[in-house]
Structures are given as C-alpha cells and as structure tokens.
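This is the structure I want to talk about, given as structure tokens.
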Amino acid sequence: MKSFRYIRTKTVEESVTFLNNNRGKAKVIAGGTDLLGALKDGILPDYPEVIINIKTIAGLDFIKEDSNGLKIGTLARLVDIANSETIRDTYKILAKASEAVATPQIRNMGTIGGNLCQDIRCW
Ligand SMILES: Cc1cc2nc3c(=O)[nH]c(=O)nc-3n(C[C@H](O)[C@H](O)[C@H](O)COP(=O)(O)OP(=O)(O)OC[C@H]3O[C@@H](n4cnc5c(N)ncnc54)[C@H](O)[C@@H]3O)c2cc1C
C-alpha cells in the first residue's frame, strides 16, 4: 500500500471540512472492509492522499423507528442490522439481506454506509 495521511474525526462537521479541504484527494473510511481491500489491490484509479476515519464520530450507529419509519445511522454495522429486534420484527427482508452479506467478520466491521457506498471491485 502507498502511504497516506490518516485523520480521526470527532464530528460530521469536522469530516466535511477535511473532505472540502482535500477535494478529490480524500476518502472516508468506516469499517474499512471495502476500502482497504481496494487500496491493497490497486483498484481505485486515484489513490487517496488522505483517509478520514468517521468511526470515531459518536452517535452515528443508531437504528430507530419513529412515526416516519425506520432510520439507520451510517455507522450501524451489518451485524447490528441483522440482529436488531425492530428490524427483525418489522423489516424482515432487511435483516435477512444483512445476514446474507459476506462473512461474520465482514458483518462485524462493515457498516451500512460503507455497504451502500462500496466501490465496484473490478479493474
Ligand atoms: C469478501 C467480501 C465479500 C462481500 N460480500 C458482500 C455481499 O455478499 N453483499 C454485499 O452487499 N456486500 C458484500 N461485501 C461488501 C461489504 O458489505 C462492504 O465491504 C461493507 O459493508 C463496507 O462497509 P465498511 O464500513 O467496511 O466500508 P469502508 O470500507 O470503510 O468504505 C467503503 C466505501 O464507502 C465509503 N464510505 C463509507 N462510509 C461512508 C459515508 N458515511 N459517507 C460517504 N462515503 C462512505 C468509503 O469512502 C469507501 O469508498 C463484501 C465484501 C468483502 C470484502
């Protein structure tokens, strides 16, 4: 892997500022299960100079239901979604889909945000 600057952020605002200040040169990292593999395999056309860790932001891993429906924070892990009572009871297909992803190790680290934003793993 090539070297990169690694930044741990504490708030969404801080992450956005770092992204803005490093436009086109920075990547967000959550669980890292997709991004680190892509970097190791040299899949991305542009190697990031800066990696911004958002897993250090508290409170983005929520799973909650209110009168508007289900809300899932970007840092909720696939294992949390698969095991959530609310999701298992009311949104079964989502629990089943999360449970079907990859392996337990990847579901333990991988977040829903990272799953939705994962890159195409292909040259
Ligand atoms: C061996 C293997 C098997 C897999 N099998 C499946 C499968 O069967 N089905 C399936 O759906 N997926 C599968 N995946 C993909 C897996 O679900 C993802 O790797 C995981 O969910 C990514 O989450 P992460 O938190 O680790 O993301 P990261 O690796 O941290 O990030 C992934 C991408 O998303 C971006 N990103 C992350 N969070 C945000 C955010 N909040 N805002 C903006 N960008 C963000 C990152 O910059 C990066 O580009 C597999 C992966 C592997 C390695």
Side-chain angles (χ1 to χ4, degrees):
M1 285 173 77
K2 296 179 193 165
S3 58
F4 50 79
R5 191 170 158 222
Y6 180 71
I7 296 165
R8 287 189 185 91
T9 51
K10 288 268 172 9
T11 63
V12 173
E13 292 72 22
E14 197 187 351
S15 303
V16 171
T17 301
F18 275 116
L19 279 170
N20 262 330
N21 292 344
N22 294 279
R23 260 177 201 274
K25 295 185 285 185
K27 274 270 186 195
V28 162
I29 190 167
T33 61
D34 178 61
L35 182 63
L36 293 177
L39 293 182
K40 281 184 188 163
D41 293 343
I43 289 172
L44 301 179
D46 299 311
Y47 205 95
E49 291 173 22
V50 182
I51 301 237
I52 301 166
N53 182 7
I54 58 167
K55 260 213 153 163
T56 38
I57 303 175
L60 287 185
D61 57 351
F62 58 85
I63 297 175
K64 59 189 178 196
E65 198 184 23
D66 62 21
S67 54
N68 292 319
L70 181 67
K71 292 182 178 151
I72 303 178
T74 187
L75 291 182
R77 299 172 308 158
L78 296 171
V79 67
D80 300 325
I81 293 169
N83 291 339
S84 155
E85 258 180 52
T86 307
I87 296 179
R88 290 180 86 87
D89 287 348
T90 318
Y91 307 91
K92 286 190 181 63
I93 191 77
L94 184 54
K96 278 184 184 292
S98 302
E99 216 165 45
V101 170
T103 61
Q105 289 89 341
I106 288 170
R107 295 196 293 275
N108 280 337
M109 290 300 293
T111 62
I112 189 70
N115 181 267
L116 293 173
C117 295
Q118 67 181 284
D119 252 300
I120 297 167
R121 188 166 290 275
C122 175
W123 286 270

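Count residues from 1 along the sequence. Whatever order the structure lists them in is the order used to number ligands and atoms, beginning at 1. Every heavy atom of this structure was used, including side-chain atoms; hydrogens, water molecules and symmetry mates were not.
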Per-residue contact class, I54 against ligand 1 - non-hydrogen pairs under 4.0 Å: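 For I54, the contact with ligand 1 is made by the side chain alone.
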
Donor-acceptor pair, side chain of R107 and main chain of V79, under 3.5 angstrom: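 Pair absent, no side-chain N/O of R107 close to backbone of V79.
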
For G31, the ligand 1 atoms whose distance to one of its heavy atoms is below 4.0 Å: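 So the atoms of ligand 1 that pass are 24 (P), 25 (O), 26 (O), 30 (O).
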
Nearest neighbour in protein (non-hydrogen) for atom 18 (C) of ligand 1: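 That would be T33 OG1, 3.5 Å.
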
Distance from atom 36 (N) of ligand 1 to nearest protein heavy atom, with residue and atom: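 Ranked first by proximity to atom 36 (N) of ligand 1 is C117 CB, 3.8 Å.
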
Working for side-chain contact (heavy atoms from CB on, under 4.5 Å), residues I54 and L60: CA-CA 9 Å; I54 58 167; L60 287 185; 5.5 Å; no

N or O pair under 3.5 Å between L35 and ligand 1: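 The answer is yes, given that L35 and ligand 1 share an N or O pair closer than 3.5 Å.
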
Region of T111 engaging ligand 1 - heavy atom pairs below 4.0 Å: both

Minimum-distance protein heavy atom relative to atom 13 (C) of ligand 1: V101 CG1, 3.6 Å

Heavy-atom nearest neighbour in the protein, as seen from atom 28 (P) of ligand 1, with distance rounded to 0.1 Å: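 Answer for atom 28 (P) of ligand 1: G32 N, 3.5 Å.
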
From CA spacing to verdict: side-chain contact (heavy atoms from CB on, under 4.5 Å), E65, D89: CA-CA 12 Å; E65 198 184 23; D89 287 348; over 6 Å; no

Donor-acceptor under 3.5 Å (T17 side chain, E13 main chain):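 Such a contact is found between T17 side chain and E13 backbone.
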
Derivation and outcome, side-chain contact (heavy atoms from CB on, under 4.5 Å), residues L70 and L94: CA-CA 11 Å; L70 181 67; L94 184 54; 3.9 Å; yes

Proximity of I106 to ligand 1 by residue part, where a heavy atom lies under 4.0 Å: side chain

Atom 31 (O) of ligand 1 [closest protein heavy-atom partner, distance rounded to 0.1 Å]: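 The closest one turns out to be G114 CA, 4.1 Å.
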
Ligand 1 versus L75: contacting region, heavy-atom distance under 4.0 Å: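 Contact part for L75 vs ligand 1: neither.
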
Per-atom contacts of ligand 1 with I29, taking only distances under 4.0 Å to non-hydrogen atoms: 30 (O)

T56 side chain vs T9 backbone, donor-acceptor pair below 3.5 Å: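 Here the side-chain-to-backbone pair exists.
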
Residue pair E14 / K10: nearest heavy atoms and the distance that separates them: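 Looking at all heavy atoms of both residues, the shortest contact is OE1-N, 2.8 Å.
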
Donor-acceptor under 3.5 Å (R5 side chain, I51 main chain):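 Such a contact is absent between R5 side chain and I51 backbone.
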
Backbone N/O of I43 and side chain of D41: donor-acceptor pair under 3.5 Å: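 No; judged by distance alone, with no hydrogens or angles, the pair does not exist.
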
Sub-4.0 Å atoms of ligand 1 with respect to non-hydrogen atoms of K27: 47 (O), 49 (O)

Protein contact to atom 41 (N) of ligand 1 [nearest heavy atom, distance to 0.1 Å]: T74 OG1, 2.9 Å

Sidechain-backbone polar pair: D34 side chain, D119 backbone, donor-acceptor under 3.5 Å: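 Such a contact is found between D34 side chain and D119 backbone.
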
Under 3.5 Å: N/O of A30 near N/O of ligand 1: yes

Closest approach of any protein heavy atom to atom 47 (O) of ligand 1, naming residue and atom: V28 O, 2.5 Å

Nearest-neighbour protein heavy atom for atom 32 (C) of ligand 1, which is reported as residue plus atom name and distance: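 Protein heavy atom with the smallest distance to atom 32 (C) of ligand 1: D34 OD2, 3.5 Å.
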
Ligand-side contact atoms (ligand 1) for residue partner L78, heavy atom cut-off under 4.0 Å: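 The atoms of ligand 1 under 4.0 Å from a heavy atom of L78 are 17 (O), 21 (O).
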
Other residues, nucleotides, ligands: >12 heavy atoms within 6.0 Å of L116 CG: yes

